[in-house]
A.B. asks: 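Provided herewith is a single structure, encoded as structure tokens, for subsequent inquiry.
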Amino acid sequence: MTAPETLRTRFAPSPTGYLHIGGARTALFNWLFSRHHGGKFILRIEDTDQMRSTDESTRAILDAMTWLGLSWDEGPIFQAERVEIHRAHVQRLVDEGKAYYCTCSQELLEEKRKQALAAGRKPKYDFTCRDRGLTRTPGSVVRFRCPEIGTTIVHDLIKGPIQFSNDELDDLIIERADGYPTYNFAVVVDDAQMGITHVIRGDDHVNNTPRQILLYQALGYAVPQFGHVPMILGADKARLSKRHGATSVMAYKEMGYLPEALVNYLVRLGWSHGDQEIFTMEELVALFDLDAVGRSAAVFNPEKLLWLNQHYLKAYPAELLVENLKPFWEARGYPVSDARYSARVVYDLQSRAKTLVELADSAAFYFADAVAYEAEAAAKFLTPETAPQLAAVAEALPGLADYSREGIEAFLRSFVEARGIKLKAIAQPLRVALTGRTVSPGIDEIMITLGLAKTQDRIRKAIAFVGRH
RNA sequence: GGUCCCAUCGUCUAGUGGUUAGGACGCUGGCCUCUCACGCCGGAAACCGGGGUUCAAGUCCCCGUGGGACUACCA
């Protein structure tokens, strides 16, 4: 009796750039799928393109995955380190007559492709070298002998069965002249050897799948299950790219997005659970499965991501948000040594910001030594008429029995009542005195966070400011 | 050109033969209110087209149309 095989998924990016939105969603789906089913998630770096692969890209991808919370159980495994294994597999196919050497030049091939296209024929390899019985020579490549008859069916977990006629397929190159395997061959060998049971990837790979299935069969390996997730498009319905705005996961971190928001946004692109919009990671692990993944492409909608970010921002415990804010505050030179004060600041601001950047920007007045008054605000509210009122407030404040939000609120109400003025007649001058601006958190909130001393000090400085103008 | 995939509000989506076609973002009217947010209540907004099948079709089938992917010695 054999134990049930553990489910194994993988994410296999090529290190030719940062981790982008589409790749992140593919990784997320793989991660969630394996977690949901108690399987393993493997990370493999497909770096067989020696020209375009870089270590920086590898690092950037790993960083982005870590930031998103997509931990891997095995790897990273570097495909380029496995070339000997790939070559051995190629050799096996050659020995078994399932693959052959080809010496057609790229130029000639390109020429023939053009001609075929111009003549309205399908541009596939013309079998020139197929039965020449060539051996390895400098510059030769290895081609897979693809069956010319029969059909190959991809039983896609998301799209259902997809049928391909084998004669549509090609004698694809499996080993390049430089001795490195091509993508379609390396994935098959690696996925087979790593025991990948479920290949979940972008649906730009569906047309590769029948060739890969044929390779699995030629190699005598079990064919895994496939699930092709739809693409992510830009607003113009074209494949998402830089011209649609930020596509790098880490760019979103820098723009002040929370990983929870990005994950939540990404998972809803193509997957749903009834009407639910907000999911914790735990919920996702419990709920996610391929049967609820849609088949159609989705347009990336930055507004909704922003809304989710705002949602997480206001739902986050202030103390935790302080940690996320650190790099942004440091970049602005705020003195943030007092953790309690920082948390109070965040508490005041978190329902008023859509990103960490916005939050950090709006926190400036809390950390400034001297309030910088906006010209218009000062002109309108820091006047000889309001100065006496401000003075009266500053004077009364120390006598407050209850220096709390409620206490301050009550004080201000009785203050304006006694003077027969509206609350806003004192609130706006106070706001400008305290923050320099006409838009800010509530007066009571600010006064609490700032504390009595700073509050009085700022009011007095505002009065002095009036005297000077 | 060929092969393959896809098609519900502007966008993300629910829907699994019988619904006033639901939710969310965005937009918008109002309420709350010391400003700004938050929050709450309301509104406009969709089944690509044409044929079938069926008593009944957004849901099933076919054909169009539109979009996308692939068609490399990239992955």
Side-chain angles (χ1 to χ4, degrees), chain A residues 12-16 46-49 51-53 79 102 104-106 109-110 113 116-124 139-143 154 156 158-159 162-165 168-170 172-184 186-187 201-210 228 230-231 233 235 237-239 265 268-278 292 294-308 310 314 349-354 362 377 409 412-413 416 422-432 435 437-444:
Chain A
S14 69
T16 54
E46 309 226 318
D47 53 351
T48 50
D49 185 339
M51 295 308 294
R52 302 196 302 147
S53 299
Q79 194 165 57
C102 168
C104 295
S105 75
Q106 288 186 58
L109 257 18
E110 187 51 42
R113 239 193 305 275
L117 227 37
R121 287 176 288 117
K122 58 188 75 172
K124 68 183 261 194
S140 67
V141 301
V142 180
R143 283 183 185 275
V154 178
D156 197 279
I158 294 168
K159 295 175 185 289
I162 307 170
Q163 205 174 80
F164 293 88
S165 186
E168 293 293 340
L169 276 20
D170 212 346
L172 74 161
I173 291 173
I174 58 176
E175 188 177 291
R176 300 189 282 231
D178 66 4
Y180 278 86
T182 53
Y183 164 74
N184 278 302
V187 238
R201 70 221 315 191
D203 76 7
D204 46 338
H205 287 284
V206 290
N207 286 300
N208 286 325
T209 309
H228 289 97
M231 306 265 80
L233 274 25
K237 305 259 184 182
R239 192 184 185 135
Y265 178 70
R268 286 285 291 104
L269 233 39
W271 176 84
S272 61
H273 179 70
D275 283 343
Q276 191 170 344
E277 295 286 352
I278 307 293
R295 295 124 311 225
S296 53
V299 173
F300 185 78
N301 181 355
E303 261 86 44
K304 188 161 181 183
L305 170 57
L306 198 56
W307 169 74
L308 276 162
Q310 182 182 35
K314 66 190 181 219
L349 260 19
Q350 65 187 135
S351 71
R352 287 167 234 265
K354 287 177 157 61
S362 66
E409 173 87 26
L412 287 175
R413 297 227 176 258
V416 296
K422 299 265 199 181
L423 182 55
K424 72 193 309 177
I426 188 63
Q428 284 302 78
L430 266 175
R431 191 182 314 286
V432 177
T435 72
R437 313 194 305 134
T438 55
V439 172
S440 80
I443 291 300
D444 49 351

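Below, read A as the first sequence line, B as the second, and so on, with proteins coming before strands; counting in each chain starts at 1. Everything numeric here is computed off the predicted structure, so don't read it as measured data. We use all heavy atoms of the structure for the numbers below, so side chains are in, but hydrogens, waters and symmetry mates are not.
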A.B. asks: Base, sugar-phosphate or nothing for A:S165? Non-hydrogen atoms, less than 4.0 Å.
C.D. replies: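 Answer is nothing: A:S165 stays at 4.0 Å or more from every strand.
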A.B. asks: Does B:U33 pair with anything, Watson-Crick or G-U wobble, both distances under 3.5 Å, and if so, with which nucleotide?
C.D. replies: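 Its partner: none found.
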A.B. asks: At under 4.0 Å, does any side-chain N or O of A:R239 touch on OP1 or OP2 of B:C70?
C.D. replies: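 Looking at the OP1 and OP2 atoms of B:C70, one of them is under 4.0 Å from a side-chain N or O of A:R239.
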A.B. asks: It should be established whether A:R113 places a side-chain nitrogen or oxygen under 4.0 Å from OP1 or OP2 of nucleotide B:A72.
C.D. replies: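 Checking B:A72 against A:R113, a side-chain N or O does come within under 4.0 Å of OP1 or OP2.
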A.B. asks: Only pairs with both distances under 3.5 Å count, Watson-Crick or wobble alike; so what is the partner of B:G26 in this structure?
C.D. replies: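 Base partner found: none.
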A.B. asks: Hunt down the Watson-Crick or G-U wobble partner of B:A69, both distances under 3.5 Å, from any strand shown, or write none.
C.D. replies: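 Check on B:A69: paired to B:U3, both distances under 3.5 Å.
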A.B. asks: From A:K354 NZ over to A:L306 CG, what is the distance, rounded to the nearest 0.5 angstrom?
C.D. replies: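 Answer for the NZ-CG pair, A:K354 versus A:L306, is 6.0 Å.
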A.B. asks: At under 4.0 Å between heavy atoms, what does A:R431 touch on the DNA or RNA strands: base, sugar-phosphate, or nothing?
C.D. replies: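 Base, at least one base atom sits under 4.0 Å.
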A.B. asks: Considering every strand and a 4.0 Å limit on heavy-atom distances, what is the contact class for A:Y180: base, sugar-phosphate, or nothing?
C.D. replies: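 If one applies the 4.0 Å heavy-atom cut-off, A:Y180 turns out to touch nothing in the nucleic acid.
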A.B. asks: With both distances kept under 3.5 Å, what pairs with B:U16, Watson-Crick or G-U wobble?
C.D. replies: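 For B:U16, the partner nucleotide comes out as none, under the 3.5 Å rule.
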A.B. asks: Across all strands shown, which nucleotide pairs with B:A57 by Watson-Crick or G-U wobble geometry, both distances under 3.5 Å?
C.D. replies: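 WC or wobble partner does not exist here.
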A.B. asks: Classify A:P441 by what it touches in the nucleic acid, base, sugar-phosphate, or nothing, heavy-atom distance under 4.0 Å.
C.D. replies: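 Base: the residue A:P441, judged by heavy atoms under 4.0 Å, touches a nucleobase.
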A.B. asks: Expressed in whole Å, how much space separates the C1' atoms belonging to B:C73 and B:C63?
C.D. replies: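 Each nucleotide's C1' atom is 41 Å from the other's.
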A.B. asks: Return no unless some side-chain N or O of A:S296 is found under 4.0 Å from OP1 or OP2 of B:C5.
C.D. replies: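 Checking A:S296 against B:C5: no side-chain N or O falls below 4.0 Å of OP1 or OP2.
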A.B. asks: Mind checking if A:R121 touches a base, just sugar-phosphate, or nothing, with heavy atoms under 4.0 Å?
C.D. replies: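 Nothing: the residue A:R121, judged by heavy atoms under 4.0 Å, touches no strand.
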A.B. asks: Which pair of non-hydrogen atoms, one from A:P15 and one from A:E46, has the smallest distance, and what is that distance?
C.D. replies: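 That closest heavy-atom pairing would be CD-O, 3.3 Å.
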A.B. asks: Scan A:S440 against the nucleic acid and name what it touches under 4.0 Å (heavy atoms): base, sugar-phosphate only, or nothing.
C.D. replies: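 Counting heavy atoms under 4.0 Å across all strands, the contact made by A:S440 includes a base.
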A.B. asks: If I pick the P atom on B:A69 and the same atom on B:C27, what distance separates them, to the nearest angstrom?
C.D. replies: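 Straight-line distance between the two P atoms is 30 Å.
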A.B. asks: Return yes if the base of B:C4 and the side-chain atoms of A:D203 contain a donor-acceptor N/O pair under 3.5 Å, otherwise no.
C.D. replies: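 Check fails, no donor-acceptor contact within cut-off.
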A.B. asks: Which whole number of Å gives the distance between the P atom of B:G42 and that of B:G23?
C.D. replies: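 Roughly 10 Å separates the two P atoms.
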A.B. asks: A:L423 near the nucleic acid: base, sugar-phosphate alone, or nothing, with a heavy-atom cut-off under 4.0 Å?
C.D. replies: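 Base contact.
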A.B. asks: Should the ring pair A:F300 and A:Y265 be called parallel, tilted or perpendicular, given that the plane angle runs from 0 to 90° and is split at 30 and 60?
C.D. replies: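 Geometry flag for A:Y265 against A:F300: perpendicular rings.
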